[in-house]
Chemist: 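Below is a structure I'd like to ask you about.
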Amino acid sequence: MKYNPNEIEANWQQYWSENQTFAATNNSEKPKYYVLDMFPYPSGAGLHVGHPLGYIASDIVARYKRHKGFNVLHPQGYDSFGLPAEQYAIQTGQHPDKTTKENISRYREQLDKIGFSFDWSREVRTSNADYYKHTQWIFIQLFESWYNNNSNKAESICTLIQEFEKNGNTNVNAVCDDNIVSFSSSDWNAFSSDEQQKILLHYRLTYLAETEVNWCPGLGTVLANDEIVNGVSERGGHPVIRKKMTQWSMRISAYAERLLQGLNDIDWTESLKESQRNWIGKSVGAMVSFNVKNHDEVIDVFTTRPDTIFGVTFMTLAPEHDLVAKITTAEQKEAIESYVHATAKRSERERMADVKTISGVFTGAYAEHPFTKEQIPVWIGDYVLAGYGTGAVMAVPCGDERDYAFANFFKGTNGMPEIKNIFDQDISEEAFGAKEGFKLVDSDFLNGLGYKEGTKKAIEALEKINQGKGKTNYRLRDAVFSRQRYWGEPFPVYYVNGLPQMIDKKHLPIALPEVEKYLPTEDGQPPLGNATIWAWDSVQCSVVSNQLIDNKTIFPLELNTMPGWAGSSWYWMRYMDAHNEEDFASKEALDYWQNVDLYIGGSEHATGHLLYARFWNKFLKDRGFAPTEEPFKKLINQGMILGMSAFVYRLPSVSISDKSKSRNVFLSKNHSDVLMKFKNIVDLQVQGKNVEVDNELGSQFLLLKEELTKKDVTFDLVTNAIHVDLLCINDITNELDIEKFKNHPLYVDYKDAEFILEDGKYIVGREVEKMSKSKYNVVNPDEICNEYGADTLRLYEMFLGPLEQAKPWNTAGITGVFGFLKKLWRLYFDDNGSIVTNDEPTAEMYKSLHKTIKKVTEDIENFSFNTSVSQFMICVNELATLKCHHRAILEPLAIVMSPYAPHIAEELWLRLKDSKIEGLKDYKGISEQPFPIFDPKYLIESEKEYPVSFNGKMRFTMKLPLDLSPKQIEEIVMADERTIAQLAGNTPKKVIIIPGKIINLVG
RNA sequence: GCGGGUAUGGUGAAAUUGGUAGACACGCCAGACUUAGGAUCUGGUGCCGCAAGGUGUGAAGGUUCGAGUCCUUUUACCCGCACCA
């Protein structure tokens, strides 16, 4: 009987699906275990072999935990709102919902082929109305909440209103907008309802405000900070500019400290935590106020070095700073305005690219030092960022590299004083930036102090004169939550007098309306501006035609949609109770499943999804809707699987004056000889020497020769490397199938190309690159499944290397794993059927099995999946050598293998039980079997093959009983003739004997 | 610039945590069988050397009887952040 993966895999996939083998229950005596994959965006390209890597790992853990007696939740779903479907809709008019559904069914087909133990009954799709109605509900909760710094958590907005009614806002300690005007309770009660609403927006956890946003004209939408990479949009690479717009924002900054501290309690990789710490960007320092001379204005600055306050030499404002226009003197006005104008014109990207150029202008104004009352010139410069701190700095050139450079650049110009040095250090060459190793001088009451003491004293003194206070600053900005897109969650919001109103929970979902066109409207409204039925009837409580808007009972609805991260910021909780219509999940389900025990996904979500998800989770926890402070206890980033791109090398075609076309010539990989020859000939020709050449370089050369005779031609000695579709090559020998290449639709231009071979073959070059359609290096898991089976794919992906590491895919290596499965199969069957016996296995067989149980158990607990596969191979090799066909070994072996290769394991299990798959009423699947327990008694050895070293170098080994004392061992070793030969008459100075480990003789 | 990570044969990688470096595979070499298949099986394979032997985990130093593993210095590459005050 032959191993036929296609047949058994299809059977078992069907059986598991029909029997709901992997459905989790929400009430169980068993302990729970929640294994989650980051759910995919269903793109049109389908899966390549890189996508399932993490899913396979999590599936192994899920199956293993089931064997170990856990009630395992292992769900899967789709992050199905997103840009590609929308862009496809813009181009084709195809509704994104249709595209998305088609993509999902293809994804599902591909996933099913790999045999995952997902509980598909809990599938979620973020673009389904029964899902996003809860996303809308969470949004409303955020709107109805504020962050109380006193209780250090989010509270209902009602508690804030009560406080306003009783005491006004003077005692409120909230995370809110800057520059809040204070009011008393009587003020509050006297405000109109609209005024009250406007004030509350400054406090709500999601709020509508005019803010500087990242506007991406290329995409026609705003973007969050994490959606911008190197100054351009992450998607499409379009430029991004700063623009003031009224947008929804999320007050994530309220959670900055908790998001930071929470990292200490979760088991994530250090690099991921560092990314988040970096992104949150906590810095501790002080706010200092500088009065502007002759103005009733104050410049507030944030500094991490209040101890250097006496070193302030000048001040710099960001060009966008509000005060710039107010304080600039008449003489400086023109220069300042032209500088501000020039800065505004530069894109974010230009400003970032150009960090070395120092530029700035003196405003003509002076600030006053809080202690010395000396006057300090105020400059503007684009090295100061409007978005960080207060957009202004106190420049201390002696202690800051940038201030130092700025001061020196403008040294001697009007408005730039001599650098003040307040360190007992030399700063003639460069600034002294360290926080230790100095004493402050020329610093009045701070003299003699270092950083720590100086900072403390400085803050105390500033507080005393009411010119500053200690302050912690975070880089983390509030997240813009509006997108000018169609394919996203609509806001459950309508507007009365321009003020946002929430739609009641019972009317959710507010479904995405149909539109004619998916582009923004002609007057620049978001795509939902195209919807004709998009108004809210506050009496009937339904969405009605826009024409009915009277702003009395029928009002316009919000035209923006939510960003991509909205739906993914809570989805792991939906899986706990995926069909609950009332709530996003029941309290019981949430209490049972708690949070995710193991989360596997890509590291690209470090500062996006993973930060927002933690934020929403903490918020929901505060409001009593989520059970734990952190959503993901342990997180592993699977490494990227890279593609092995193939290349052909085309000679640069020589442009021939229109009479005949140049032909394409391709050189094989090791073509340097040919190329040199070519080059030599060209050089000689150019020098005017007529060289007779043979024809081996092809017609390209003949054309070139012809051209050369006419005039001077300089010839660049490089070939163009062109990506070749992997279908055109032999993956093992790297030989190009020239016929396939010529007939491939992609390469019609090269139909008549010539190929210069080496050893009769055309060899393509190979290079490791990211797997991508455009590089033609994509390997499709379906094809691997069809050819070798899903078990082989699963084992091979794990065998490739450590899960977290990036590694290239090489299909050639897969035969090793396939051969291994065939070998495993042959332990159970020969050509005629089962060869399993009930004989008692030998000690060696038990040893091999139990070594494997031990190793695989440890490996799964440590997420070291590649070494398990090696161990399976070792075990099967050993058992084959031992001719082991013993049930007592082969039954447990099937279970140990089943997390990795579930189909073959289940098939072997079934056949060991001598059943047939049809009518398996009493069949108890392998997934219900307990995992074999490692018993150390089978591994006990009585002897050890000792390595015998001389001066640390291993010379020979020696088999000795393990119960010998070191002294006995020494006697035996010293008497051994090989020892005597090695020592050559010398007596060793020292003999080191570690029983069970090593023998080392030092001479 | 700051932070994190990686470095071992022709290739992917192991190494019980300080104890025989290169397990397990791919590839390659030799052989067996064969209905000549990209099947199956056996043996070999870090490098130099006919061999004895030497040498070897990015580089240099150190600790140790013993270092891929620990310490110091350093180089290259990858990832994240970056005029963050």
Side-chain angles (χ1 to χ4, degrees), chain A residues 229-230 269-279 281-283 285 301-305 308 316 318 351-352 354-358 381-385 387-396 399-403 405-406 433 473-475 603-604 606-607 637 639-640 644 730-733 766 787 796 799-802 804-817 819-820 822-823 826 854-855 858 864 866-875 877 880 945-957 988-994 996-1003:
Chain A
V229 177
N230 296 329
T269 61
E270 204 46 42
S271 72
L272 194 52
K273 290 185 185 182
E274 269 310 306
S275 280
Q276 293 216 343
R277 288 192 190 109
N278 232 319
W279 194 261
K282 179 179 183 175
S283 43
V301 300
F302 174 74
T303 176
T304 54
R305 296 297 302 275
T308 64
T316 316
R351 259 174 92 169
M352 279 171 62
D354 164 35
V355 285
K356 286 187 196 102
T357 317
I358 295 165
D382 70 359
Y383 81 97
V384 178
L385 303 176
Y388 183 77
T390 61
V393 300
M394 56 176 230
V396 183
D400 183 284
E401 210 183 298
R402 292 151 305 164
D403 296 343
F406 196 87
N473 204 41
Y474 298 92
R475 202 183 72 97
S603 58
E604 66 273 19
T607 49
N637 292 128
M640 211 190 313
M644 287 280 280
N730 180 322
D731 215 358
I732 295 169
T733 61
R766 300 301 290 268
E787 199 163 350
Y796 187 55
F799 188 59
L800 235 34
E804 293 97 323
Q805 223 165 78
K807 55 226 160 220
W809 177 270
N810 178 5
T811 305
I814 206 166
T815 53
V817 170
F820 155 72
K822 286 193 273 194
K823 198 164 178 179
R826 283 198 301 276
K854 179 171 190 280
K855 180 91 177 103
E858 287 168 359
S864 170
N866 53 328
T867 48
S868 282
V869 182
S870 298
Q871 182 57 42
F872 291 140
M873 291 173 169
I874 293 168
C875 180
N877 287 345
E945 183 96 21
Y946 278 95
V948 183
S949 305
F950 293 81
N951 293 319
K953 283 183 180 138
M954 210 278 288
R955 293 295 149 169
F956 57 87
T957 63
K989 279 196 203 122
K990 209 169 171 187
V991 179
I992 290 143
I993 291 168
I994 318 285
K997 295 248 179 192
I998 201 168
I999 297 160
N1000 192 12
L1001 287 82
V1002 185

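We name chains A, B, ... by the order of the sequence lines, and we start the count at 1 in each one.
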Chemist: Syn if the chi torsion is within 90° of 0, anti otherwise; quick check, which is G9(B)?
Modeler: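 Here G9(B) takes the syn form, which means its glycosidic angle is within 90° of 0.
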
Chemist: Using the P atom on both, measure G44(B) against A59(B) and round to a whole Å.
Modeler: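 One P to the other, the span is 30 Å.
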
Chemist: Assess, by modelled atom type and distance only, whether the side chains of Thr957(A) and Tyr946(A) contain a donor and an acceptor separated by less than 3.5 Å.
Modeler: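 Checked: Thr957(A)/Tyr946(A) side chains show no N/O donor-acceptor pair below 3.5 Å.
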
Chemist: Using atom CG of Asn637(A) as one end and atom C1' of U6(B) as the other, report the distance to the nearest whole Å.
Modeler: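 So the two atoms are 15 Å apart, to the nearest Å.
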
Chemist: Which whole-number value in Å describes the distance from Phe406(A) CZ to C84(B) P?
Modeler: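 Distance, rounded to whole Å: 14 Å.
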
Chemist: Between C24(B) and U45(B), how far is it from one C1' atom to the other, in whole Å?
Modeler: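 15 Å, rounded to whole Å.
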
Chemist: Applying a 4.0 Å non-hydrogen cut-off, can you work out what Arg955(A) is touching in the nucleic acid: base, sugar-phosphate, or nothing?
Modeler: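 Sugar-phosphate: the residue Arg955(A), judged by heavy atoms under 4.0 Å, touches backbone atoms but no base.
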
Chemist: Evaluate the ring planes of Phe820(A) and Phe872(A), with Trp represented by its six-membered ring, and classify them as parallel (under 30°), tilted (30 to 60°) or perpendicular (over 60°).
Modeler: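 The rings of Phe820(A) and Phe872(A) lie parallel, inter-plane angle below 30°.
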
Chemist: Whole Å only: how far is the CG atom of Asp382(A) from the C1' atom of C83(B)?
Modeler: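 The answer, rounded to whole Å, is 9 Å.
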
Chemist: Which label fits G37(B), syn or anti, where anti is any glycosidic angle not within 90° of 0?
Modeler: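 Syn.
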
Chemist: If you measure from the P atom in U69(B) to the same atom in U16(B), how many Å do you get, rounded?
Modeler: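 My reading of the P atoms in U69(B) and U16(B) gives 13 Å.
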
Chemist: Hey, which of these two, Met394(A) or Arg826(A), hits RNA chain B nearer its 5' end, going by closest nucleotide?
Modeler: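 Whichever sits nearer the 5' end wins; that is Arg826(A).
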
Chemist: Syn or anti for U17(B), taking syn as within 90° of 0?
Modeler: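 Here the answer is syn: the torsion falls within 90° of 0.
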
Chemist: So what's C41(B) paired with, Watson-Crick or G-U wobble, going by both distances under 3.5 Å?
Modeler: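 Looking at the geometry, C41(B) pairs with G31(B).
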
Chemist: Are Tyr796(A) and Asn810(A) linked by a side-chain donor-acceptor pair shorter than 3.5 Å?
Modeler: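 Short answer, no.
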
Chemist: Hey, does Lys822(A) reach any base, or is it just sugar-phosphate, or nothing, if we go heavy atoms under 4.0 Å?
Modeler: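 Sugar-phosphate, no base atom in range.
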
Chemist: Classify Asn278(A) by what it touches in the nucleic acid, base, sugar-phosphate, or nothing, heavy-atom distance under 4.0 Å.
Modeler: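 Answer is base: heavy atoms of Asn278(A) come under 4.0 Å of a base.
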
Chemist: Watson-Crick or G-U wobble partner for A67(B), using a 3.5 Å limit on both distances?
Modeler: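 Result: none.
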
Chemist: Could you check Leu1001(A) against Val393(A) and say which one's nearest nucleotide on RNA chain B is further toward the 5' end?
Modeler: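 Mapping each residue to its closest nucleotide by heavy atoms, the 5'-most match is Leu1001(A).
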
Chemist: Is it the case that the side chains of Lys823(A) and Asn877(A) hold a donor-acceptor pair, with the cut-off being a distance below 3.5 Å and no angle test?
Modeler: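 The criterion, which ignores hydrogens and geometry beyond distance, is satisfied for Lys823(A) and Asn877(A).
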
Chemist: Could you give the distance separating G46(B) and U8(B) at their C1' atoms, to the nearest angstrom?
Modeler: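 Going atom to atom, C1' in each nucleotide, I get 10 Å.
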
Chemist: To the nearest Å, how far apart are Glu274(A) CD and C2(B) P?
Modeler: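 Between P of C2(B) and CD of Glu274(A): 14 Å.
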
Chemist: What pair of heavy atoms forms the shortest contact from Val384(A) to Ala392(A), and how long is it?
Modeler: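 For Val384(A) and Ala392(A), the tightest heavy-atom pair comes out as CG1-N, 3.9 Å.
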
Chemist: Would you mind classifying the nucleic acid contact of Leu800(A) as base, sugar-phosphate or nothing, using non-hydrogen atoms under 4.0 angstrom?
Modeler: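 Leu800(A): backbone/sugar contact only, no base atoms under 4.0 Å.
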
Chemist: Taking the basic N atoms (NZ, or NE/NH1/NH2) and the acidic carboxylate oxygens, is any pair closer than 4.0 Å for Glu858(A) and Lys855(A)?
Modeler: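 Looking at Glu858(A) and Lys855(A), the cut-off is not met.
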
Chemist: Main chain of Leu800(A), side chain of Asn866(A): is a donor-acceptor contact present, judged purely on distance under 3.5 Å?
Modeler: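 Between the backbone of Leu800(A) and the side chain of Asn866(A) there is no qualifying donor-acceptor contact (under 3.5 Å).
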
Chemist: Between Tyr388(A) and Phe302(A), what is the ring plane arrangement, given parallel below 30°, perpendicular above 60°, and tilted in between?
Modeler: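 Answer is perpendicular, since the angle exceeds 60°.
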
Chemist: Separation of Lys997(A) atom NZ from G66(B) atom C1', in whole Å?
Modeler: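 To the nearest whole Å, that distance equals 13 Å.
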
Chemist: So what's C81(B) paired with, Watson-Crick or G-U wobble, going by both distances under 3.5 Å?
Modeler: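 In the structure as shown, C81(B) has G1(B) as its Watson-Crick or wobble partner.
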
Chemist: Write down the distance separating the C1' atoms in U20(B) and G31(B), rounded off to the nearest Å.
Modeler: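 Their C1' atoms lie roughly 30 Å apart.
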
Chemist: Between Arg475(A) and A82(B), is there a side-chain N or O to OP1/OP2 distance below 4.0 Å?
Modeler: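 The answer is yes; a side-chain N or O of Arg475(A) sits under 4.0 Å from OP1 or OP2.
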
Chemist: Watson-Crick or G-U wobble partner for C47(B), using a 3.5 Å limit on both distances?
Modeler: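 When the pairing criteria are applied, G54(B) turns out to be the nucleotide that pairs with C47(B).
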
Chemist: Can you give me the N/O atom pairs linking the protein to nucleotides 21-26 of chain B at distances under 3.5 Å, or say none if there are none?
Modeler:
residue : atom : partner   : partner atom : Å
A23(B)  : N1   : Ser870(A) : OG           : 3.3
A25(B)  : OP1  : Asn877(A) : ND2          : 2.5

Chemist: Which of the following nucleotides, C83(B), C65(B), G80(B), is nearest to the side chain of Lys990(A)?
Modeler: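 Nearest to the side chain of Lys990(A) among the choices is C65(B).
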
Chemist: In whole Å, what is the span from the CD atom of Gln805(A) to the C1' atom of C77(B)?
Modeler: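 Result: 13 Å.
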
Chemist: On a whole-Å scale, what distance lies between the P atoms belonging to G3(B) and U72(B)?
Modeler: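 Approximately 15 Å lies between the P atom of G3(B) and that of U72(B).
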
Chemist: Whether the Ser864(A) and Thr867(A) side chains hold a donor-acceptor pair (N or O, under 3.5 Å, no angle test) is what I'd like checked.
Modeler: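 Present: a donor and an acceptor within the cut-off.
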
Chemist: Within less than 4.0 Å of OP1 or OP2 of G80(B), is there a side-chain N or O belonging to Thr607(A)?
Modeler: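 No, because none of the side-chain N or O atoms of Thr607(A) sits under 4.0 Å from OP1 or OP2 of G80(B).
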
Chemist: So, do Trp279(A) and Tyr474(A) have ring centers that fall under 6.0 Å from each other?
Modeler: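 No, the ring centres sit 6.0 Å or more apart.
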
Chemist: Grab the CD-P distance between Glu787(A) and A39(B) for me, whole Å please.
Modeler: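 Spelled out: CD on Glu787(A) to P on A39(B) is 12 Å.
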
Chemist: Which whole number of Å gives the distance between the P atom of A14(B) and that of A7(B)?
Modeler: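 About 9 Å, rounded to a whole number of Å.
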
Chemist: Could you tell me the Watson-Crick or G-U partner of A76(B), where both distances fall under 3.5 Å? Say none if there is no partner.
Modeler: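 Looking at the geometry, A76(B) pairs with U6(B).
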
Chemist: Rounding to an integer number of angstrom, what distance separates A60(B) and C78(B) when you compare their C1' atoms?
Modeler: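 Comparing C1' positions in A60(B) and C78(B) gives a spacing of 24 Å.
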
Chemist: Pro808(A) side chain: which of A85(B), C41(B), G12(B) is closest?
Modeler: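 Within the option list, the nearest is G12(B).
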
Chemist: Among A85(B), U20(B), C81(B), which is the nearest nucleotide to the side chain of Trp279(A)?
Modeler: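 Minimum distance to the Trp279(A) side chain belongs to C81(B).
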
Chemist: In this structure, how many angstroms lie between the C1' atom of A82(B) and the CD atom of Glu401(A), rounded?
Modeler: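 For the pair Glu401(A) CD and A82(B) C1', the rounded distance is 12 Å.
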
